[in-house]
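One structure below.
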Amino acid sequence: MEPADRPSEIVAPYDPGQVETKWRTRWAERGTNVADIADARRPYYALMMFPYPSAEGLHVGNMFAFTGNDIFARFQRMQGLDVFEPLGYDAFGIHSENYALKVGVHPAEMIPRNIANFRRQLERGGLMVDWSRSLSTTDPEYYRWTQWVFLQLYKKGLVQKKAGAVNWCPTDKTVLANEQVINGECERCGSKVEQRFLEQWYFAISSYAERLLHNLDTLDWSETTKTAQRNWIGKSEGAEIWFDGIKVFTTRADTIYGATYVVLAPEHPLVDAHTTESQRAAVEEYRARAARRDLVSRKTTKDKTGVATGSTVTNPATGEKIPVWISDYVLMEYGTGAIMAVPAHDERDLEFAHGFELPVKKVVLEDETLIDSGEFTGMSVHDAKRAIVASLAARNKAEPVTNYRLHDWCISRQRYWGPPIPIVYCDDCGVVPVPEKDLPVVLPFIEDFKPDDSGISPLARHDEWYRVPCPTCGKMARRETDVSDTFLDSAWYFLRYPSVGNNDVPFDPTITKKWLPVDSYIGGNEHAVLHLLYSRFVTMVLSDMGLIDFEEPFTKFRAHGLIIREGAKMSKSKGNVVNPDDYIDTWGADAFRTYLMFLGPFEEGGDFRDKGISGVKRFLDRLWASVRDSVQDGAPDVEVQRKLHATIRKVGEDIPRLSYNTAIAAMMEYMNALRKGDRVARRSEVEPLVQLVAPFAPHLAEELWEQLGHTTTVFESTWPVFDPELLTQDEIELVVQVNGKVRGKIRVARDIGSDEALSIALADPGVSKFVTEKPTKIVLVPGRLLSIVV
RNA sequence: GCGAGGAUGGCGAAAUUGGUAGACGCACCAGCCUUAGGAGCUGGCGGUUAACACCUUGGGGGUUCGAGUCCCCCUCCUCGCACCA
């Protein structure tokens, strides 16, 4: 369609409310944002972390993240890709349930209301979201497949019910994953976490530790995120060494000649066997005391406590008898629950040794060579580690072992608001997984969903649901009453989006092959370990089962920064939370979006200042006015033309780098040049700018694009191309430095030689007055600067 | 303690990766236009100075013709992890 000669009559001032409503309606009517899932030729999956639909409504932090993703997605679309940008709701979980309990509304009533409000707010934000494929984790058609994922892992032998010490939150009255315990406190409510011994369902994520670590090298992720995952997986290579019947784990086998005692964790099974009669009472008392200690004080105490068992074991390297102690500074969960203590070379052992006046024997010098270490004396630490383990291994006293900090993932929650774990307990058949054809195990609507102290889910109180025929033998049996961790819901949702609508399978194989893995993923770094690690794990397992043909779900991941307000963190209690609705009402979604992206680098976040948005609004107003006033004809201005092409290049380079703030600055700069003085812009100067601004301010761009005479969406137009020829000038400004200080600027030919440049520079009195002697050195940086040294 | 990332005008921030520090915007100042303006337009805006100049990217040293950028030492801030042997 040929553009009209003049923009149609848009004398009216720019009214964002009107423009935005018009275009949101059009997009919905025309299906502009609906991806062609089946037939897309160049599929591009642009994913953002889905929000928890809180009762408070959309947070500006959500809007910031989504806008950042949306700009990238819209830009990719204008590069000719078939972009799929889905969004759903992570609506199960303790957070929703606690809130529901607090306000006395059932979550099943509250959540749909919250979702409706979120949807309204998200739509106002002008996101290119394909709402035809949205989802909520609370929908039985979704969690049916969450249960299916559980069953696949179960089938693969990666799900176990284990009794053990678990983190119990006394306020939320449920078990927490290790990842949800922060400094010994519940991540959600901040209560001190207690230890309880319960039977729980675990996913064997630790058996994937090496792959989870190794694959990180292949991923295009923010380096900070990868580092956080590496630390969390916590690989350490060492050896298990036998001190008679006690097996210890160490990464410092080279220090074995300095081992002066052995320490067992209080819960270690060999404690009894190593306790002599005379020490029995003291050891028992210490164990009891240690068991009562909460995790917080245990993890922060510098004063180490412990007690001798009275028994001794043989140091396999020296043959010496050394005493056995117990202390809670040794953790049962890590390594073998026993260590060889080398006070001279381990700070914790030293603290302990000082407390009990145990000997300290130095065996490694500052330059990392061994002393007093028998045949290994004089070796380097590096060589000795291997040599000592090899020598002990020859006598069956040691073997090299790699340990990981990563623990198995406890997915049981003794709560109501989650997908029931699809397991039935039968007196005859034992543990029976619910057959896939019987899914979903629907979460019943119950009024009294309040958890109690029993460690048993509220669902157990409902016999009509709890009692169920055994799927295998038909005899009455009992359901598992725990629900699964919310993080399981979000560990596979990206597989679901493209297949939403097909309720026969969790994800359609053909569609999945076409659209996954996710091309680009944007989200918060608070999920750097939890959600991203679990998603990678589930994906790997499904891949191993041949259900998908990739083992990493997110090819590219970028973490966005955080928004603060007027220099302070936003919080409900401070009352300084930015409500997107208010700003959109006043300034329009386009200005709000653009401002959010302008206030700082996307990956770092920024400071939201109420007055700052006016500058962005002014820019959009001027864009509107420029299109309105533009003329078809006019003298071509070489400078403006050059500026335009520089801007096209800059914006095109900045968007893929998520450097949105500088892209916007470049467009503003161009706008300033465009309207310099009384200048009236030419159509050819403003039209490409409308395209450049489209990912940021989509409604306004669509409106202006239409005003310029186009009948199809600006997002199906081709991104402007810059002409490199225009960007190289024949005559350039050369900066002249004398002894490192700028003394002048000269206009010269681009490819000028240094001799000629020097003579022109010296003709400038501002330069020559500093050149008092014959220059000793001349440095010419072509096209940039001339440095004269005297 | 370990790991990662920071520190640039009154403020948010830029800086083609070693080449004019402070782009762009906010705030502020002046002018124009207005009955008026918390509107619009134009210009100014790191510090010292009458000027020439000089100083200036948390502090101190170094490399270089040239350092916000590279190297060494130090201070402070933010975020992870934390008795993981």
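Both backbone and side-chain heavy atoms feed into the values below; hydrogens, waters and symmetry mates do not. Each chain gets a letter, A, B and so on, in the order its sequence line appears, and its residues count up from 1.
Using a 4.0 Å heavy-atom distance criterion, Ile339(A) is classed as a base contact. As judged by a 4.0 angstrom heavy-atom cut-off over every strand, Lys226(A) is placed among residues making no nucleic acid contact.
Atoms NE2 (His527(A)) and P (rC79(B)) sit 17 Å apart, rounded to a whole Å. When the P atom of rC83(B) is taken as reference, atom CG of Leu350(A) falls 18 Å away, rounded to whole Å. Following rounding to the nearest Å, Leu758(A) (CG) and rC65(B) (C1') show an atom-to-atom distance of 14 Å. In this structure, Leu533(A) atom CG and rC81(B) atom P are separated by 13 Å, rounded to whole Å. Atom CD in Glu223(A) sits roughly 12 Å away from atom C1' in rG3(B) (whole-Å rounding). Following rounding to the nearest Å, Leu213(A) (CG) and rC81(B) (P) show an atom-to-atom distance of 18 Å. Going from atom NZ of Lys235(A) over to atom C1' of rG3(B) covers 18 Å, rounded to whole Å.
Put simply, Lys741(A) has no side-chain N or O that comes within less than 4.0 Å of OP1 or OP2 on rA53(B). For rA85(B), the OP1/OP2 oxygens have no side-chain nitrogen or oxygen of Tyr329(A) closer than 4.0 Å. OP1 and OP2 of rA85(B) both lie 4.0 Å or more from every side-chain N or O belonging to Lys247(A). For the pair Thr224(A) and rC79(B), the criterion of a side-chain N or O lying under 4.0 Å from OP1 or OP2 is not met.
Counted by atom type alone, Asp349(A) and Tyr261(A) present zero donor-acceptor pairs between their side chains at under 3.5 Å. Between the side chains of Arg405(A) and Asn231(A), no donor-acceptor pair is found at a separation under 3.5 Å. Remark: the Tyr404(A) side chain and the Ser206(A) side chain contain no N/O donor-acceptor pair separated by less than 3.5 Å.
Both Arg649(A) and Lys769(A) lie near RNA chain B, and the one whose nearest nucleotide falls closer to the 5' end is Arg649(A).
Comparing the C1' positions of rC52(B) and rG61(B) gives a spacing of 32 Å, expressed to the nearest Å. Taking atom P in both rU17(B) and rA4(B), the straight-line distance is 26 Å, to the nearest Å. Remark: the separation of the C1' atoms in rG66(B) and rA82(B) is 45 Å, to the nearest Å.
Residues forming a side-chain hydrogen bond (donor to acceptor under 3.5 Å, both in side chains) with Lys247(A) (at least two apart in sequence, or on another chain): Glu240(A).
Under the 4.5 Å side-chain criterion, counting only non-hydrogen atoms from C-beta, Met668(A) is not in contact with Arg622(A).
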Do nucleotides 18-29 of chain B as a string where each nucleotide becomes B, S or -: B if the base has a protein heavy atom under 4.0 Å, S if just the sugar-phosphate does, - if no protein is that close. -BB--BBSSS--
For RNA chain B, what is the dot-bracket line, given that a base pair needs Watson-Crick (N1 to N3, plus N6-O4 or O6-N4) or G-U wobble (N1-O2 and O6-N3) geometry with both distances under 3.5 Å, and | means paired with another strand? (((((((..(((......[....))).(((((.......))))).(((....)))..(((((..]....))))))))))))....
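With distances taken from any side-chain atom of Asp607(A) to the nucleotides rC83(B), rC81(B), rG12(B), the minimum falls on rG12(B).
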